[in-house]
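Everything below concerns the one structure shown next.
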Amino acid sequence: MQPLPRSFYERHPAVVAPALIGKLLVRELDGELLAGRIVEAEAYSSEDPASHSYNGMTERNRAMFGLPGHAYIYFSYGMHHCMNVTSRLDTDAGGVLIRALEPVLGIETMRRLRGREKLTELTSGPGKLAQALAIDRALYGVDITEAGPLFVAEPAEPGTPVQVAATPRIGISKAVELPWRFVEAGSRFISCPPRR
DNA sequence: TCTCAGATTAACT
DNA sequence: GTTAATCTGAGAC
């Protein structure tokens with residue numbers, strides 16, 4: 001399981017986000033490996049009014065202004081954690097929100113952490129996948145380019161090429177027209193199906 | 001199957 | 001004081 005190199009993240013978030021579709025998000029928890037294929041991701045960059053990094057650096061978002069390839073985790077709506085990987089080009093400050101996974105490893109542990117049985121309800125949303133992988137602010141700023149408690153890796157088997165579709169982002173009120181949500185076409189595991 | 005409001009914290013005005 | 005990169009269960013239909 002080979003982590004993706006730093007250079008992968010030294011690009012604009014709108015380039016990194018579609019490239020992450022089909023990669024593995026890996027969580028090591030108490031010696032057990034939990035992993036899922038990324039099937040949905042959204043790009044946020046500093047010139048984007050919907051991004052937390054739009055209005056400059058704060059205590060919460062400082063990770064997005066740091067080295068690319070780290071975890072930016074924030075607490076949302078008073079109850080959910082959401083996970084981003086930081087990515088940026090030169091002076092940009094941005095990240096990619098991991099919105100949904102296809103469970104691969106440690107599925108029983110995910111079921112226990114989520115209190116749900118159905119495979120499609122384990123990680124089909126940013127708050128859900130954070131709960132399924134036990135991701136919280138203790139992992140803030142973790143380097144995801146080296147094996148550790150949390151990292152992103154190339155899938156063991158290359159498999160078939162991934163079909164990526166671009167759609168408008170979910171749950172935001174600004175810059176709704178930017179097609180910066182990327183999903184694996186036809187996946188059953190994304191947070192909400194593209195409109196037919 | 002669909003719509004709706006509650007939960008609960010932190011950032012920002 | 002208001003809003004937010006969300007999820008869930010309840011009640012309507």
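Chain identifiers are assigned alphabetically (A, B, ...) following the order of the sequence lines, protein sequences preceding nucleic acid strands; residue numbering begins at 1 within each chain.
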Just the rounded figure in Å: distance from P of dT6(C) to CD1 of Ile98(A).
14 Å

Separation of dT3(C) atom P from Asn55(A) atom CG, nearest Å, is 16 Å

Under 4.0 Å between a side-chain N or O of Ser173(A) and OP1 or OP2 of dT3(C)?
no

Quick one: Met57(A) CE to dA11(B) P, roughly how many Å, whole number?
14 Å

Using Watson-Crick geometry (N1-N3 plus N6-O4 or O6-N4) or G-U wobble (N1-O2, O6-N3), each under 3.5 Å, dA5(C) is paired with none

Base dA11(B) paired with His52(A) side chain (donor-acceptor, <3.5 Å)
no

From CD of Gln131(A) over to P of dC7(C), roughly how many Å is that when rounded to an integer?
10 Å

Can you identify which nucleotide, out of dC12(B), dA5(C), dT9(B), has its nearest atom closest to the Ser51(A) side chain?
dA5(C)

dA10(B) C1' sits how many Å from Tyr72(A) OH, rounded?
11 Å

Of the nucleotides dA5(C), dA4(C), dT8(C), which has the atom closest to the Lys128(A) side chain?
dT8(C)

Check whether any side-chain heavy atom of Leu34(A) lies under 4.5 Å from a side-chain heavy atom of Val26(A), and answer yes or no.
no

Under 4.0 Å between a side-chain N or O of Arg116(A) and OP1 or OP2 of dG9(C)?
yes

dT6(C), dC12(B), dA11(B): which one has an atom nearest the side-chain heavy atoms of Arg60(A)?
dA11(B)

Charged tip of Arg60(A) within 45° of Tyr72(A) ring normal and under 6.0 Å
no

Touch check for Leu97(A), heavy atoms < 4.0 angstrom, all strands: base, sugar-phosphate only, or nothing?
base

Any-strand Watson-Crick or G-U partner of dT8(B), both distances under 3.5 Å:
none

Looking only at heavy atoms, what is the nearest atom pair of Pro3(A) and Ala147(A), with distance?
CG-N, 3.7 Å

Winner on side-chain proximity to Arg114(A), out of dC7(C), dA5(C), dC12(B), is dC7(C)

Roughly how many Å is it from CD1 in Ile73(A) to P in dT6(C), rounded to a whole number?
16 Å

Minimum-distance nucleotide to Tyr77(A) side chain [options: dA5(C), dA10(B), dT6(C)]
dT6(C)

Length of the CD1-P vector between Ile170(A) and dT6(C), whole Å
8 Å

Is the base of dA5(C) stacked against the aromatic ring of Tyr44(A), taking ring centres under 5.5 Å apart and planes under 30° as the test?
yes

Can a cation-pi geometry be assigned to Arg137(A) and Phe75(A), taking NZ or CZ under 6.0 Å from the six-membered ring centre and within 45° of the ring axis?
yes

Would you mind reading off the distance between Ile172(A) atom CD1 and dT3(C) atom P, rounded to a whole angstrom?
17 Å

Rounding to an integer number of angstrom, what distance separates dT3(C) and dA5(B) when you compare their C1' atoms?
16 Å

I'd like to know whether CD of Gln163(A) has more than 12 heavy-atom contacts from other residues, nucleotides or ligands below 6.0 angstrom.
no

Please confirm whether the shortest side-chain N or O distance from Arg99(A) to OP1 or OP2 of dT6(C) is below 4.0 Å.
yes

Is it the case that Arg11(A) places NZ or CZ above or below the six-membered ring of Phe8(A), under 6.0 angstrom from the centre and within 45 degrees of the axis?
yes

